[in-house]
2 protein chains.
Amino acid sequence: MSTIMTESRTLVSERLAAELRDDILCGALVPGSRLGEMALAERFAVSRGPVRAALGLLSEAGIVQIVPNSGARVRIIGRSDARALYQVRTALEAEAATLAASNAGRHAAPRFRQLLDQHGAQIAAHPEGAYLQASSDRDFHVVIAELSGNPLILRYLTRELYPQLSLLRVKHRNVTGRGAVALKEHERIAAAIIDGDGEIAGLLMRRHIRNSWTALEMQLSQTEQEDETRT
Amino acid sequence: MSTIMTESRTLVSERLAAELRDDILCGALVPGSRLGEMALAERFAVSRGPVRAALGLLSEAGIVQIVPNSGARVRIIGRSDARALYQVRTALEAEAATLAASNAGRHAAPRFRQLLDQHGAQIAAHPEGAYLQASSDRDFHVVIAELSGNPLILRYLTRELYPQLSLLRVKHRNVTGRGAVALKEHERIAAAIIDGDGEIAGLLMRRHIRNSWTALEMQLSQTEQEDETRT
DNA sequence: GAGAGAAATATTGTCTACAATAATGACAGA
DNA sequence: TCTGTCATTATTGTAGACAATATTTCTCTC
């Protein structure tokens, strides 16, 4: 986490970081690729100072890896990284769901309804489902983190965990989500939160993230076997 | 989190960050105090470049607050910050305990025994107990995070959450721990982990952190009232 | 004396240049 | 052909200077 208080005017370094972040998360800069200070300074027509600061911010987000005296690269997220990320997600998102159930109340129902409808429409359009955490799936989770009222949880998820998981997505484009099953789980979580039942909300969220990880792990296993077979 | 791979040689910026970190966590640099780049560069006889990088690292740890174009200060941790930190701790440490129960097995018993004995000796020496998370209390929690096998949890706790809570300690030196009650809770958590009972370990850890927060919150309330009374 | 505005000063953000380090390429020997 | 050594090159880390911004001080008016 970082406690840089930013308001209106944005530093060059922060703008660079945002742009590089987008390039990294959309796959334009693939995991492993080199982020040389001099090349980036030239590309963005700035000095190396703000480039270094930007790389520091991206390193902090966990999507760039800096080796002192050697340079920075887009981070490669391996299976064990993904596992650790999912375990942390399980913890934080279960806590968020529990807290959200205390905070949200009935007036959150329309928001959840909208999110779930959106998600349902997405699944109808793509029954096999896109990869984990397409936007409506992600939105659902972010809303719960917001409703938790804990800015730290929200920050860790949105600034670090989700971007890092996006890197996994860049690397494994053919991994699919769990479609209607996941949606059903979302619905139950939302209902528990709306009903103020924190214990059940937390438990269902744990289960949901665990299920997502189990499915993903299986697919990663297959992908890695295919990679080995192809080598 | 930061993904700077550091091995043997340490950068000036990292050495500065470590030294400043120590100054901040021991209270030599109190919350709110100003960390000017020029003053620090002069104090450490280096240029402002590595000072800036060091401040970036400390900001990332959450113990320094940087306002663009205005400078850096040691962060002040307020009550709502502390609450958020404890909620995140609850989530992460319960998960760590659950995972540790799967990983640790019986051979962790001597280590726990040692930690608990140490903690017991500390409480015997100070029955009223020092402030939250004295070293043996902290060690117990760190060991569980290590046993969890999740490097991310360990990193968040030791790099960010505990240092930030140390800042709270700097501000509230008269807040006491829970003495023998906390030790008893530790013992039960350790037993559950050694027995491989992840569900109970996680539940007991949740309860433990929650209890610690409840006690701390009460004391913070009193301290703040006294502060107001004194003003 | 209080408040507003301008000027002066201090500090941070960025740029440029040099020092330090790692990576790459060339060459010799087994 | 492969391996090890050395030289060269590229890049990162740091220092110092200038530009940009915020803070402090001073002056004037009410």
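Numbered from 1 within each chain, the chains take letters A, B, ... in sequence-line order. Computed from a predicted structure; not experimentally measured.
In the set D:dG13, C:dT14, C:dG13, the nucleotide with an atom closest to the side chain of A:Ser13 is C:dT14. Across C:dT14, C:dA22, C:dG13, the shortest atom-to-atom separation from the side chain of B:Glu37 is found for C:dG13. Nearest to the side-chain atoms of A:Ser70 among the listed nucleotides C:dA23, D:dT12, C:dT12 stands C:dA23.
For the pair A:Arg83 and A:Tyr86, the NZ or CZ position fails the cation-pi test of under 6.0 Å to the six-membered ring centre and within 45 degrees of the ring normal.
If you measure from atom CG of B:Leu55 to atom P of C:dT11, you get 14 Å, rounded to the nearest angstrom. Between A:Leu35 atom CG and D:dT11 atom C1' there is a gap of 14 Å when expressed in whole angstrom units. A straight line from CG of B:Leu40 to C1' of C:dA10 spans 15 Å, rounded to a whole angstrom. When the C1' atom of C:dT21 is taken as reference, atom CG of A:Asn69 falls 5 Å away, rounded to whole Å. At whole-Å resolution of the value, CE in B:Met38 and C1' in D:dA22 are 14 Å apart. Spacing between atom CD1 of B:Ile66 and atom P of D:dA22 amounts to 16 Å, rounded to whole angstrom units.
A:Glu217 CD: more than 12 foreign heavy atoms inside a 6.0 Å radius.
Ring orientation note: the planes of B:His119 and B:His186 are tilted relative to one another, at an angle of 30° to 60°.
Residue-level contact check: A:Gly49 touches neither bases nor backbone, having no heavy atom under 4.0 Å from any strand.
For the OP1/OP2 pair of D:dG13 and a distance below 4.0 Å, the side-chain nitrogens and oxygens of A:Arg52 include at least one atom meeting the criterion. A sub-4.0 Å separation between OP1 or OP2 of C:dC15 and a side-chain N or O of A:Ser47 is present. Contact annotation: A:Arg34 reaches the phosphate of D:dT12 (side-chain N/O to OP1 or OP2, under 4.0 Å).
Judged purely by atom type and a 3.5 angstrom limit, B:Arg89 has no side-chain atom pairing as donor or acceptor with the backbone of B:Leu161. Formation of a donor-acceptor pair under 3.5 Å by the A:Asp23 side chain with backbone atoms of A:Ala28 is not found in this model.
When the nearest nucleotides of DNA chain C are assigned to A:Arg48 and A:Arg15 by heavy-atom distance, the more 5′-ward of the two goes with A:Arg15.
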